[in-house]
Amino acid sequence: MTTVCVVGLGYIGLPTAAMLASRGFEVIGYDVNEAAVASINAGKAHFHEPDLQMLLSAAISTGRLRAQTVPAEADYFIVAVPTPFKDGKKPDMSHVEMACDVIAPFLQPGSTVILESTSPVGSTELMTARLAQARPDLSFPRFKEASEAQIAVAHCPERILPGHMLRELVANDRIIGGMTDACSRRALSLYETFVTGHIFTTDSRTAEFVKLIENAFRDVNIAFANELSVICDRIGVDVWRAVELANKHPRVSILQPGTGVGGHCIAVDPWFIVDSAPEESRLIRTAREVNDRKPEYIFHRILDLADRFKNPVVSCFGITYKADVGDLRESPSLKIVMKLLEHGGVKVLVCDPLIKSLPSAFCGSPDVSLVDADTARQEADIVALLVAHKQFRRLEFNRFLHKVVVDATGLMSRPSDLIGNPDRIG
Ligand code: SAJ
């Protein structure tokens with residue numbers, strides 16, 4: 001029986017572990033978070049993702065997956081830990097380093113270590129060097145050198161989209177970048193058991209860069225859309241209609257403006273490119289800055305409109321980081337609500353069907369409460385449409401016409417089948 005140790009049971013590691021268990025592997029999930037480990041062993045996912053709960057329950061009940069707070073010996077190690085940035089927007093690789101230190105004692109001749117976390121170029125080589133230093137008794141690959149080593153190391157960046165993770169885990173094409181061709185082949189033998197998309201192999205540095213430019217590409221394109229929305233406000237053009245019509249051109253496909261870019265990926269990864277080549281990454285840096293400025297811009301628009309009311313009530317529709325996902329990480333809409341509360345002088349009503357309670361940062365504030373859509377509409381002086389959840393696409397917007405509306409989503413002006421689906425435009 002082939003064993004896989006998945007290091008990090010978060011948004012990427014847990015779906016991957018459950019998927020591998022469903023394919024008949026014996027999977028040991030390792031995480032330092034004791035509460036998450038206990039919840040997983042009880043068959044309960046510690047975050048929401050469509051179909052994950054079902055897959056996890058089956059994996060636990062068949063005994064193919066178990067979670068623990070120590071790693072175990074395995075044929076494959078998949079490292080799926082966070083790679084955020086630290087001060088100065090520099091990559092923080094401490095979780096990957098810790099993962100190396102903790103799995104090193106469990107490596108055995110024939111083990112393959114795969115880094116899935118999005119990482120700066122050169123990380124797989126650094127990871128290999130760190131493992132080699134911890135285990136001088138084993139032979140490790142050297143970048144692009146032909147000779148075979150006992151341990152294989154490769155990068156296989158995750159590509160799955162929150163909200164569609166389990167489908168994309170299987171269907172998406174994958175890139176594998178081995179330290180050597182032999183390493184790529186060993187990693188390939190694992191992924192080809194469950195990936196139905198194409199799997200392309202390359203070297204580790206190229207694979208690292210490919211992942212970074214995928215997310216930077218999206219960031220730059222969203223920044224273009226966000227810049228257009230600000231220009232359109234200035235010159236009095238409906239940005240949604242303009243984008244829709246521009247996209248009728250066969251070679252134009254503009255993304256959708258919004259409240260900014262949230263989540264733990266697109267708002268972070270482009271900085272890894274900027275850090276590696278600061279002088280040369282002017283467009284990528286500017287795109288990050290344009291997207292980061294968007295929540296501030298929307299906050300000021302709301303504030304300007306609030307001026308005309310004595311005790312303004314602002315109803316914010318949506319605070320998660322994107323449509324149809326209950327994840328608040330780095331949410332631009334959440335930042336807007338925070339800024340309104342910090343500014344004071346406004347009462348904020350939050351309506352978001354995907355969250356059960358307000359984040360703890362708000363607890364105790366008398367100026368904010370979580371309400372249903374009817375209350376949010378009825379009590380609002382200003383309606384701020386911040387996230388295009390599908391529940392909001394069904395709202396009757398003619399009932400909002402007497403309200404002052406700030407629409408960052410296009411909910412009020414776009415055809416409903418295009419909203420929340422930026423990849424199907426025009
Ligand atoms: N957004 C817009 N306008 C758009 C599209 C997105 O404002 O037209 C905003 C969203 O509201 C959200 C942010 O951008 O705040 C990011 O959302 P997203 O759906 O573009 O991407 P993520 O962060 O959920 O997932 C991305 C994906 N990368 C790409 O599409 C290139 C996913 O495939 C990656 O696996 C993931 O990053 C990751 O983990 O790297």
Side-chain angles (χ1 to χ4, degrees), residues 8 10-16 47 49 80-84 116-119 155-169 171-175 197 207-208 210-230 239-240 243-244 247 253-273 287-288 290-295 297-298 318-336 354 385-389 392 407-411 414 418-426:
Y11 287 83
I12 303 300
L14 185 58
T16 306
F47 57 90
E49 174 64 29
V81 295
T83 47
E116 281 216 13
S117 313
T118 306
S119 300
H155 183 48
C156 182
E158 60 86 6
R159 276 182 154 176
I160 51 183
L161 191 71
H164 302 272
M165 284 181 154
L166 292 165
R167 179 173 55 76
E168 293 209 346
L169 196 52
N172 283 2
D173 290 351
R174 295 295 290 258
I175 311 295
E208 287 155 353
V210 167
K211 168 67 197 200
L212 297 179
I213 61 174
E214 287 164 10
N215 280 356
F217 169 86
R218 196 142 168 96
D219 198 42
V220 168
N221 282 279
I222 297 169
F224 180 69
N226 278 331
E227 186 159 295
L228 293 183
S229 73
V230 177
V239 70
W240 311 103
V243 167
E244 189 191 340
N247 285 342
S253 183
I254 302 170
L255 287 176
Q256 301 293 290
T259 51
V261 168
H264 259 207
C265 310
I266 296 188
V268 175
D269 307 341
W271 288 118
F272 295 178
I273 303 178
R288 273 285 66 247
V290 167
N291 285 330
D292 274 354
R293 242 178 253 144
K294 193 68 195 288
Y297 170 78
I298 293 174
I319 54 164
T320 62
Y321 94 85
K322 69 173 183 176
D324 304 328
V325 161
D327 186 345
L328 291 170
R329 293 179 304 164
E330 307 300 327
S331 164
S333 310
L334 187 61
K335 280 188 196 135
I336 293 167
L354 297 192
L385 299 173
L386 302 181
V387 185
H389 291 316
F392 298 158
D407 184 5
T409 60
L411 274 164
R414 280 193 289 164
L418 299 181
I419 297 167
N421 189 358
D423 301 314
R424 255 214 59 225
I425 297 161

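Order of listing sets the numbers, starting from 1, for every ligand and every atom in it. This one's a predicted model, so the numbers in the text were calculated from it and none came from an experiment.
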[atom1] of [X] to [atom2] of [Y]: how many Å apart, nearest 0.5 Å?
X: Cys265; Y: Glu214; atom1: SG; atom2: CD; result: 11.5 Å
X: Lys335; Y: Lys294; atom1: NZ; atom2: NZ; result: 13.5 Å
X: Thr259; Y: Tyr321; atom1: OG1; atom2: OH; result: 12.0 Å
X: Arg288; Y: Ile266; atom1: CZ; atom2: CD1; result: 8.5 Å
X: Ser117; Y: Glu208; atom1: OG; atom2: CD; result: 11.0 Å

Does an N or O from [X], backbone or side chain, lie closer than 3.5 Å to an N or O of ligand 1?
X: Gly262; value: yes
X: Thr118; value: no
X: Gln256; value: yes
X: Ile160; value: yes
X: Asn226; value: no

Per-atom contacts, ligand 1 versus [X] - under 4.0 Å to a heavy atom:
X: Cys265; answer: 36 (C), 37 (O), 38 (C), 39 (O), 40 (O)
X: Glu214; answer: 31 (C)
X: Arg218; answer: 5 (C), 18 (P), 19 (O), 20 (O), 29 (C), 30 (O), 31 (C)
X: Pro162; answer: 24 (O), 25 (O)

Exercise. What part of His264, side chain, backbone, both or neither, has a heavy atom within less than 4.0 angstrom of ligand 1?
Worked result: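 Neither; nothing of His264 gets under 4.0 Å from ligand 1.
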
Measure Asn221 to ligand 1 on non-hydrogen atoms and call it side chain, backbone, both or neither using the 4.0 Å cut-off.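 The answer is neither; Asn221 stays 4.0 Å or more away.
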
inquiry  = Using heavy atoms and a 4.0 Å limit, tell me yes or no: is Lys211 in contact with ligand 1?
reply    = yes

Requested in this report: Would you check whether Gly260 reaches within less than 4.0 Å of ligand 1, judged by its heavy atoms?
Outcome: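 Gly260: in contact with ligand 1 (<4.0 Å).
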
Phe224 versus Ile254: any side-chain heavy-atom pair under 4.5 Å? yes

_Heavy atoms only: which of Leu161, Ile12, Asp327 lies closest to atom 25 (O) of ligand 1?_
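When every heavy atom of Leu161, Ile12, Asp327 is considered, Leu161 comes closest to atom 25 (O) of ligand 1.
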
For Phe217, look at atom CZ and say whether over 12 heavy atoms of other residues, nucleotides or ligands are found less than 6.0 Å away.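 12 or below, so no.
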
For Thr118, the option from Glu158, His155, His264 that meets side-chain contact (heavy atoms from CB on, under 4.5 Å) =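 Result: among Glu158, His155, His264, Glu158 is the only option passing the side-chain contact (heavy atoms from CB on, under 4.5 Å) with Thr118.
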
Please identify which of these residues, Ile12, Asn172, Leu169, meets the side-chain contact (heavy atoms from CB on, under 4.5 Å) condition with Arg159.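 With Arg159 as partner, Ile12, Asn172, Leu169 yield a single side-chain contact (heavy atoms from CB on, under 4.5 Å), made by Asn172.
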
